[in-house]
Amino acid sequence: MHIVLGPSPEPRGPDGDTAQPPWRAVSLDAGREVSARDFPRGQLAAVVRAVQEGSERPDRIRWVWADTREVYPELLAAGIELARVWDLRLCQRILRTAASASSRGVEYAPAADLSEEREEPAGRVPPPRVDPRQASLFEAPAAQPQPRGPACDQLIRELEAQRRAVSSSPEPHRLNLLLAAESQGGLIAEEMHHEGLPWNRGIHERLLEERLGPRPEEGSRPARMQSLAEHVGRVLGSERLNPDSPQDLLRALNAAGVRVGSTRKWDLMAWAAEGGAHVEERRELIRPVLEYKQLYRLWTANGWHWLDEWVREDRFHAAYVVGGVVTGRWAAHGGGAMQIPRTVRDAVRAEPGHVLTVADASQVEPRILAAMSGDRALAVAGRDHDLYLGIAEIGQRTGSALKDRQAAKIALLGAMYGATSGDSAAMMPHLRRLFPAAIELVERAAEAGERGGQVATWLGRTSPAPDEAWFAAVRDVGTAQAESRSRTLSRSHGRFTRNFVVQGTAAEWALCWMGEIRRRLRAGGPGGSGLRTRMVFFVHDEVVLHGPEEEAEEAHGIVGEAAAAAGRLLFGEAPVDFPLTVAAVGSYAEAK
DNA sequence: TAAGGACGCCAC
DNA sequence: AAACGTGGCGTCCTTA
């Protein structure tokens with residue numbers, strides 16, 4: 001059973017109100033319209049609740065709408081959670097790209113334009129759905145007037161178009177799974193945004209004070225940084241040095257005999273390391289610079305301003321962007337949600353009587369590669385918890401150069417990223433000998449990309465084609481310079497497609513993993529009424545749950561079962577494991 | 001003065 | 001040591 005929700009094609013409400021044009025809910029049974037009703041937009045939550053409560057199997061309803069971000073927040077604010085949806089916008093994006101590659105065999109003609117570019121001609125960053133400066137970020141945006149997108153009847157035609165595209169595709173089962181998972185991702189993203197990551201302001205403030213000193217006046221540096229800045233100026237012999245300015249700092253460093261080409265941490269450390277007899281002296285010289293950089297980063301990225309802007313009532317409400325990365329990975333908008341540095345993770349605390357269950361999937365990408373390529377040897381290497389150690393063991397047995405963990409890791413990451421030089425590239429022949437099927441897969445993806453071709457993930461997310469300028473530049477081999485540029489561009493796109501198939505499929509696994517966790521959390525607990533434990537954070541291959549202590553054991557079991565279930569969902573009974581590191585902790589910093 | 005690139009560092 | 005994939009973001013600095 002599908003229920004399509006969207007603006008009514010009728011221009012005015014039942015009482016003739018044009019200021020509040022109505023919305024429409026249409027029930028479809030096997031694609032046929034069985035009922036329809038119009039209602040004022042403001043009653044959306046009430047209508048959805050009534051349908052859910054009036055249904056014997058509300059979990060079997062698949063709600064269909066243009067954009068989860070437009071609708072679901074107000075349902076969550078009203079305490080309504082839905083089991084299944086179809087997000088036409090998210091699905092359209094996947095289908096459009098798939099259909100753009102003739103080799104994919106997906107035929108799709110959109111019936112309604114749901115692309116982001118409609119509102120955002122720049123077309124780069126999706127518009128934030130709330131203004132971070134407004135308190136409404138943390139409240140239901142129910143009252144905000146919304147732009148009127150395609151009407152309900154158009155959405156029904158769009159749903160039909162999408163379903164046709166799926167069933168006509170070479171792999172309908174996989175593509176359907178991808179679209180369902182992506183839609184469910186839309187739900188999960190909004191639920192996690194609504195729930196928020198428990199963030200203890202007091203602990204964060206204490207941490208800042210310990211390292212930076214008391215909160216400074218607006219416009220001036222924290223005390224500890226100010227004295228360090230002055231110290232650095234004295235040491236380098238440049239009074240009035242502003243270490244915040246890379247140019248300034250580089251000049252001062254060079255003037256003081258520090259021969260570096262940039263002010264990067266690694267450049268400075270390398271300079272010190274090659275000091276021969278003067279290593280210690282050099283380290284002493286750059287130490288305050290490095291310390292200043294560290295504090296500067298903490299202050300600017302996760303300091304008091306960040307706390308004020310992003311943490312409300314001890315929760316950090318990260319705004320996720322589903323499929324925000326070309327590969328299908330999620331992005332986050334605002335607050336740097338996917339780059340929470342280790343230094344502040346101690347502020348992430350379970351609330352009293354609760355625990356954080358931190359589940360981290362081990363070496364997902366090489367395991368994905370093993371499953372996709374059917375490489376038995378790589379699957380065997382991944383039987384234990386540590387796949388890289390598994391490779392090292394095989395390497396030792398067979399007398400390969402891949403005989404320690406570090407070498408194995410560098411080599412495999414290099415194969416997936418497209419390393420062309422150094423230790424990593426040197427290991428490629430050994431890697432190829434041990435894992436021919438896996439290496440073959442990434443090499444083929446790279447070759448396709450170098451020619452400007454499109455590649456696809458396991459479930460069928462397709463990489464975008466390079467633009468015309470790219471093809472023109474790659475064709476241009478008139479001069480030595482042009483030829484070099486052509487090769488650079490070509491190789492670069494090859495590295496992109498090489499990584500796309502693995503990173504993208506890993507993202508699909510993660511999406512299914514979260515979906516399975518969600519399903520189990522909803523179904524678990526006494527009488528199957530659902531646990532109180534909630535997913536509160538996600539980043540690529542890691543999930544954080546927050547819930548009552550007494551549910552911790554069950555939550556631990558759920559994340560593990562869900563990981564295995566996700567593997568089966570994608571790859572059937574392929575002999576590839578997806579082990580996790582799971583920690584039940586009071587503080588995020590205790591995990592890993 | 002606003003926009004946008006460069007820089008540098010954070011995450012997986 | 002970094003190289004080599006995908007991103008966000010705060011700041012400085014140049015450009016229109």
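Keep in mind that the numbers below use all heavy atoms, side chains included, and drop hydrogens, waters and symmetry copies.
Within residues 207-219 of chain A, no residue is approached by DNA chain B to less than 4.0 Å at the level of any non-hydrogen atom. At a non-hydrogen distance threshold of 4.0 Å, A:R495, A:F496, A:N499, A:Q503 from residues 484-509 of chain A come into contact with DNA chain C.
Proximity of A:R345 to the phosphate of B:dC10: no side-chain N or O atom is located under 4.0 Å from OP1 or OP2. For the OP1/OP2 pair of C:dC13 and a distance below 4.0 Å, the side-chain nitrogens and oxygens of A:S245 include at least one atom meeting the criterion. Put simply, A:W266 has no side-chain N or O that comes within less than 4.0 Å of OP1 or OP2 on C:dA1. Of the side-chain N and O atoms in A:K265, one or more sit less than 4.0 angstrom from OP1 or OP2 of B:dC10. The phosphate of B:dG8 (OP1 or OP2) has a side-chain N or O of A:R264 nearer than 4.0 angstrom. One finds a side-chain N or O of A:K293 lying less than 4.0 angstrom from the OP1 or OP2 phosphate oxygen of B:dC9.
In this structure, the nucleotide among B:dC12, C:dG7, B:dG8 sitting nearest to the side chain of A:R329 is B:dC12. Nearest nucleotide to the A:P341 side chain, out of B:dA11, B:dC12, C:dC4: B:dA11. Checked against C:dC13, C:dC4, C:dC12, the side chain of A:A419 finds its nearest nucleotide in C:dC4. For A:T300, whose side chain is taken as the heavy atoms from C-beta onward, the closest listed nucleotide among C:dT6, B:dG8, C:dG10 is C:dG10. For A:P246, taking side-chain heavy atoms from C-beta onward, the closest of the listed nucleotides C:dA2, B:dC9, B:dC7 is B:dC7.
Rounded to whole Å, atom P of C:dG8 lies 13 Å from atom CH2 of A:W310. Atoms CG (A:L241) and P (C:dC12) sit 13 Å apart, rounded to a whole Å. Atom pair A:Q339:CD and C:dG10:P shows a separation of 9 Å (rounding to whole Å applied). The CG atom of A:N302 sits 10 Å away from the P atom of C:dG10 (whole-angstrom rounding). Rounded to whole Å, atom P of C:dC12 lies 14 Å from atom CZ of A:R251. Atoms CH2 (A:W306) and P (C:dG8) sit 17 Å apart, rounded to a whole Å. Atom NE2 of A:H333 and atom P of C:dG10 are 10 Å apart (whole Å). Distance CZ (A:F538) to C1' (C:dT6): 13 Å, rounded to an integer number of Å.
Among the heavy atoms of the strands lying under 4.0 Å from A:G414 is at least one base atom, whether or not backbone atoms are also near. At the heavy-atom level, A:A332 lies under 4.0 Å from the strands shown only through sugar-phosphate atoms. Looking at heavy-atom distances under 4.0 Å, A:E365 makes no contact with the nucleic acid at all. Counting non-hydrogen atoms under 4.0 angstrom, A:I340 reaches the backbone sugars and phosphates but no base.
Judged by closest nucleotide on DNA chain C, A:M269 is the one of A:M269 and A:V325 placed further toward the 5' end. Residue-to-nucleotide proximity on DNA chain C shows that, of A:G418 and A:A331, the 5′-proximal contact is made by A:G418.
Comment: A:R206 does not engage A:E210 in a salt bridge, judged by the lack of any side-chain N to carboxylate O separation of less than 4.0 angstrom. Using a 4.0 Å cut-off between charged nitrogen and carboxylate oxygen, A:R224 and A:E291 count as a salt-bridge pair. A:R498 and A:E443 are joined by a salt bridge, as a carboxylate oxygen and a charged side-chain nitrogen come within less than 4.0 angstrom of each other. Salt-bridge annotation for A:E365 and A:R329: present, with a side-chain N of the basic residue lying under 4.0 Å from a carboxylate O of the acidic one.
Note: A:F571 and A:W458 meet the aromatic proximity criterion, with ring centroids under 6.0 Å apart. For A:W199 and A:F537, the distance between ring centers is not under 6.0 angstrom.
A:D346 and A:S587 share a side-chain donor-acceptor pair at under 3.5 Å. Counted by atom type alone, A:H305 and A:E218 present one or more donor-acceptor pairs between their side chains at under 3.5 Å. For the residue pair A:D404 and A:Y388, no side-chain donor N or O sits within less than 3.5 Å of a side-chain acceptor on the partner.
The side-chain tip of A:R282 points at the ring of A:W271 from less than 6.0 angstrom away and within 45° of straight on.
A:S362 and A:H385 get closest at one heavy-atom pair: OG-NE2, 3.3 Å.
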